[in-house]
**Q** 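Pasting in a structure now, in structure tokens, and then I'll have a few things to ask.
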Number of protein chains: 2
Amino acid sequence: MFKSATLKEVATKAGVSYQTVSKVINHKANVSPETEKRIWDAIAELNYTPNYSGRSLRQQRSRTIGYTWEPSPPDQTNPILDAFLQSMFRTAEEKGYYLLCFPFHADDARMLKVYAHLWDTGRVDGFVISRLNYDEAIVPYLSGRKIPFVGFGRLEDDNCSFPYVDVDGGNGVAQAMDHLVALGHRKIAALAWPKDSRVGNNRLEGYFSGLAKAGLQSDLSLVVRGEGTSEVGFDATNYLLGLPQEIRPTAIVCMNDMMAIGAMQAIQKAGLQVGRDIGVTGFDDTPTARYLTPPLTSVSQPIPAIGETLVERLIELLETGTYPEPKCELVAPRLEVRESTASYVPTVG
Amino acid sequence: MFKSATLKEVATKAGVSYQTVSKVINHKANVSPETEKRIWDAIAELNYTPNYSGRSLRQQRSRTIGYTWEPSPPDQTNPILDAFLQSMFRTAEEKGYYLLCFPFHADDARMLKVYAHLWDTGRVDGFVISRLNYDEAIVPYLSGRKIPFVGFGRLEDDNCSFPYVDVDGGNGVAQAMDHLVALGHRKIAALAWPKDSRVGNNRLEGYFSGLAKAGLQSDLSLVVRGEGTSEVGFDATNYLLGLPQEIRPTAIVCMNDMMAIGAMQAIQKAGLQVGRDIGVTGFDDTPTARYLTPPLTSVSQPIPAIGETLVERLIELLETGTYPEPKCELVAPRLEVRESTASYVPTVG
DNA sequence: CCTGGTTAAGCGAACGTTCGCCTTAATTCA
DNA sequence: TGAATTAAGGCGAACGTTCGCTTAACCAGG
């Protein structure tokens, strides 16, 4: 391992004290132009790079951000992970920071220990956290210890007690509802997540507000809940298709793409055509959504922008000590209309 | 920001010098049992955690591993990313290391600068690299500077010039070929990647070796190349289905799942049944593979084991300075047989 | 000729460790 | 009894920075 040159070696070469070199590098110097040039020349010649450990020891900061996430189950792919991570890495690097990624542990106590260790050792200056759900233990822990963090997602009924950026899932689903209503649909079902999912409930609100806005009655027999898998979507849709004609839905709004995929399979298996006979919308705009037959209309989240915002805000918090305004932000997703909701022919009922 | 206690505070509390505390922590001490107990008690009471910067400054090592990867294009999902990262994080943590993840830059020179910066500043002790292709600039760079690294994947014709773990893609495709031949297929096509893809060519070798093993002639008009997207798979399959009956393939071996998906769509659009009329195999065993209709037979890579091995080897290299044996390793993938290759009825030709 | 203000740079100290050598007192052995 | 050995722990130094105070030289104004 070849060590890089140190301040002292640069100083010797330039004929100044090493502290002066430090000042020049940090643009805090009061030096003559000639001296400064000599110093910069020496730096270039020796290929000097400031040592990270020395710097962070002195400054008491690591310029490192910690992040972990709950891995997808082996039978699913996290469609946003790659873009989310890259956007955070890029933003951080631009500001001289890097991300330290650490493993997820399902055991809360174990997980908290890892957060604590990274902080106590001074390996990180703060955290980005995601997968916020009702029972999140990490938020009170970090808040209580005054450890800086920003969240991707918020807690239930949280009145902005910590800085976060979240997708307005309700808004997204409401957009899907508006779209379906405009196409002429009047009986619309929802495939929802279990009741203990905060994200799921938030999205589902858009379903009800969409109904209300269109002046439609909500019928709870048209709301089916389950884990967001394609099997659940398949089974739930079979159930919906078996309902009596007068209440059978002409469109199905799904809280994620996996359930939408299952719904489409069930519809096709029943001999119906997705889009013309029954409209289907998803949520996430998974990369595969556009390759399904027919391509799936889905709500798309601005993931790269979110990653960027999160990191920017955290760094600002770290460097100024105050929360940037607005402390909490809700960003609107966008509906990507495709053929799974095209060419619906309303029957005058 | 509450600082953790320091060695000195612990020492004061225990009534010894702070260097002695350090020795106790590092199990290098010659101290009486009573003193040791006093020290451990003080450590527990003050909740002391060794400072990371101080330690790495002194030891001249960061216990940090750098990793970056080429992000998937926005219309695709990297099916192995999540599992690969988590397996590396876990293994590293067990050994007291963490991963520093940094952004990918398409510009080689820019990318090299980031690697150099992370190394020169002492932020990382070594790297894991992936996406090895013919023109990989990073391998000679790191080798030349004697910077420790291990690779996921190897270079063309590389006689183990650096430590790596790679999937034996040819073996995987050969398994698929054996399977198809056993089912009675005699005319088998391949959907391959562009010629400049090392990974793609490696997989394709399994196609030719599979043909040879079965004593079948290879027909280059049955090998279609293109970017590994579902569109390419779709178009290529349409072409194959249009071939005259005597050479038209009864099975299609695809070098990834995306092309297999396109192939299945083209087959279904032509009114044929995947599995019974034409067999299709993929590669990657994407989580969605099992949810396609019909479920896709695909070659599955032991990703978590690879991540684990890579990190273990790198750490061993870092700590001992020598390459662990075997320096280079090729692991065999496994064929997951599903319905896309089921119930084929060979017609006596 | 002295004062006070710049300008340019030096210097000591500190951040929290680890490492190797040194000291002290007690013990052992001939 | 005196020298050699051992156990237990102290001490100085170093890793590479940054920070704040001091200093030396120079200059203009009274």
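All figures in this text were calculated on a predicted structure; none of them were measured in a lab. Numbered from 1 within each chain, the chains take letters A, B, ... in sequence-line order.
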**Q** B/Thr121 near the nucleic acid: base, sugar-phosphate alone, or nothing, with a heavy-atom cut-off under 4.0 Å?
**A**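 No contact at all - B/Thr121 keeps every heavy atom at 4.0 Å or more from the nucleic acid.
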**Q** Heavy atoms only, 4.0 Å cut-off, all strands: where does B/Asn30 land among base, sugar-phosphate and nothing?
**A**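 Base contact - B/Asn30 has a heavy atom under 4.0 Å of at least one base atom.
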**Q** What is the distance, to the nearest angstrom, from the CG atom on B/Leu7 to the C1' atom on D/dC11?
**A**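 In whole Å, D/dC11 C1' lies 15 Å from B/Leu7 CG.
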**Q** Which heavy-atom pair separates A/Arg145 from A/Ala116 by the least distance, and what is that distance?
**A**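 Closest approach of A/Arg145 to A/Ala116, heavy atoms only: NH1-CB, 3.9 Å.
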**Q** Take the protein atom CD of A/Glu34 and the nucleotide atom P of C/dA9, then report the distance between them rounded to whole Å.
**A**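 Rounded to whole Å, this separation is 8 Å.
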**Q** Which whole-number value in Å describes the distance from A/Leu46 CG to D/dG16 C1'?
**A**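 About 15 Å, once rounded to whole Å.
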**Q** Is A/Thr20 close enough to C/dG10 that one of its side-chain N or O atoms is under 4.0 Å from OP1 or OP2 there?
**A**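 The answer is yes; a side-chain N or O of A/Thr20 sits under 4.0 Å from OP1 or OP2.
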**Q** Under 3.5 Å, is there any donor-acceptor pair linking the side chain of A/Arg55 to the base of D/dT17?
**A**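 In this structure, the two groups form no donor-acceptor pair.
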**Q** Test for a donor-acceptor pair under 3.5 Å between the base of D/dG9 and the side chain of B/Gln19, counting only N and O atoms.
**A**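 Donor-acceptor pair under 3.5 Å: no.
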**Q** In the structure I gave you, are the side-chain heavy atoms of B/Leu314 and B/Phe127 within less than 4.5 Å of one another anywhere?
**A**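 B/Leu314 vs B/Phe127: side chains apart.
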**Q** Among D/dT18, D/dA8, C/dT18, which is the nearest nucleotide to the side chain of B/Gln59?
**A**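 Closest of the options to the side chain of B/Gln59: C/dT18.
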**Q** Please confirm whether the shortest side-chain N or O distance from B/Gln60 to OP1 or OP2 of D/dG16 is below 4.0 Å.
**A**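 Looking at the OP1 and OP2 atoms of D/dG16, one of them is under 4.0 Å from a side-chain N or O of B/Gln60.
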**Q** From CZ of A/Arg63 over to P of D/dT17, roughly how many Å is that when rounded to an integer?
**A**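 That distance rounds to 14 Å.
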**Q** Answer yes or no for A/Lys95 and A/Tyr97: cation-pi contact, defined as NZ/CZ to six-membered ring centre under 6.0 Å and angle to ring axis within 45°.
**A**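 Output no; distance or angle outside limits.
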**Q** Over 60° means perpendicular and under 30° means parallel, so tell me whether B/Phe89 and A/Trp69 are parallel, tilted or perpendicular.
**A**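 Ring orientation, 0 to 90° scale: perpendicular.
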**Q** Within the pair B/Asn26 and C/dT18, is there a side-chain N or O less than 4.0 Å away from OP1 or OP2?
**A**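 For C/dT18, OP1/OP2 do have a side-chain N/O of B/Asn26 under 4.0 Å.
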**Q** Donor-acceptor pair, distance only, cut-off 3.5 Å: does the side chain of B/Tyr164 make one with the backbone of B/Leu310?
**A**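 Looks like no, no N/O pair under 3.5 Å.
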**Q** Using a 4.0 Å heavy-atom cut-off, does B/Tyr52 contact any base of the nucleic acid, only the sugar-phosphate backbone, or nothing at all?
**A**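 Here B/Tyr52 touches no strand at all.
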**Q** Any idea which of D/dG10, C/dA13, C/dT17 is nearest the B/Val16 side chain?
**A**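 Closest of the options to the side chain of B/Val16: D/dG10.
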**Q** Can you tell me how the ring of A/Phe84 sits relative to the ring of A/Tyr67, calling it parallel under 30°, perpendicular over 60° and tilted otherwise?
**A**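 Rings of A/Phe84 and A/Tyr67: perpendicular, over 60°.
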**Q** Given C/dA9, is OP1 or OP2 found less than 4.0 Å from the side-chain N or O atoms of A/Ser32?
**A**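 Looking at the OP1 and OP2 atoms of C/dA9, one of them is under 4.0 Å from a side-chain N or O of A/Ser32.
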**Q** Can you tell me how far P of C/dT17 sits from CZ of B/Arg61, to the nearest Å?
**A**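 It is 17 Å, rounded to the nearest whole Å.
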**Q** Are A/Thr35 and C/dA9 close enough that a side-chain N or O sits under 4.0 Å from OP1 or OP2?
**A**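 For C/dA9, OP1 or OP2 has a side-chain N or O of A/Thr35 closer than 4.0 Å.
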**Q** Determine whether a donor-acceptor pair (one donor, one acceptor, N or O, separation below 3.5 Å) exists between the side chain of A/Arg58 and the base of D/dT17.
**A**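 Checked by distance alone, the answer is no.
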**Q** With a 4.0 Å cut-off on heavy atoms, is B/Ser22 in touch with a base, just the backbone sugar-phosphate, or nothing at all?
**A**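 Here B/Ser22 touches the bases of the nucleic acid.
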**Q** Under 4.0 Å between any heavy atoms, over every strand shown, what does B/Ser53 touch: base, sugar-phosphate, or nothing? Just pick one.
**A**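 No contact.
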**Q** Rounding to a whole Å, what distance do you find between B/Leu57:CG and C/dC19:P?
**A**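 Taking CG of B/Leu57 and P of C/dC19, I get 13 Å after rounding.
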**Q** Taking atom types as they are modelled, is there a donor-acceptor pair under 3.5 Å from the base of D/dG20 to the side chain of A/Lys28?
**A**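 Flag unset: no donor-acceptor pair detected.
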**Q** Considering heavy-atom distances to DNA chain D, does A/Lys8 or A/Lys23 have its closest nucleotide positioned more toward the 5' end?
**A**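 By nearest-heavy-atom nucleotide position, the 5'-most residue is A/Lys8.
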**Q** Ignoring backbone atoms, test whether A/Tyr18 places a side-chain nitrogen or oxygen under 4.0 Å from the OP1 or OP2 oxygen of C/dA9.
**A**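 Looking at the OP1 and OP2 atoms of C/dA9, neither is under 4.0 Å from any side-chain N or O of A/Tyr18.
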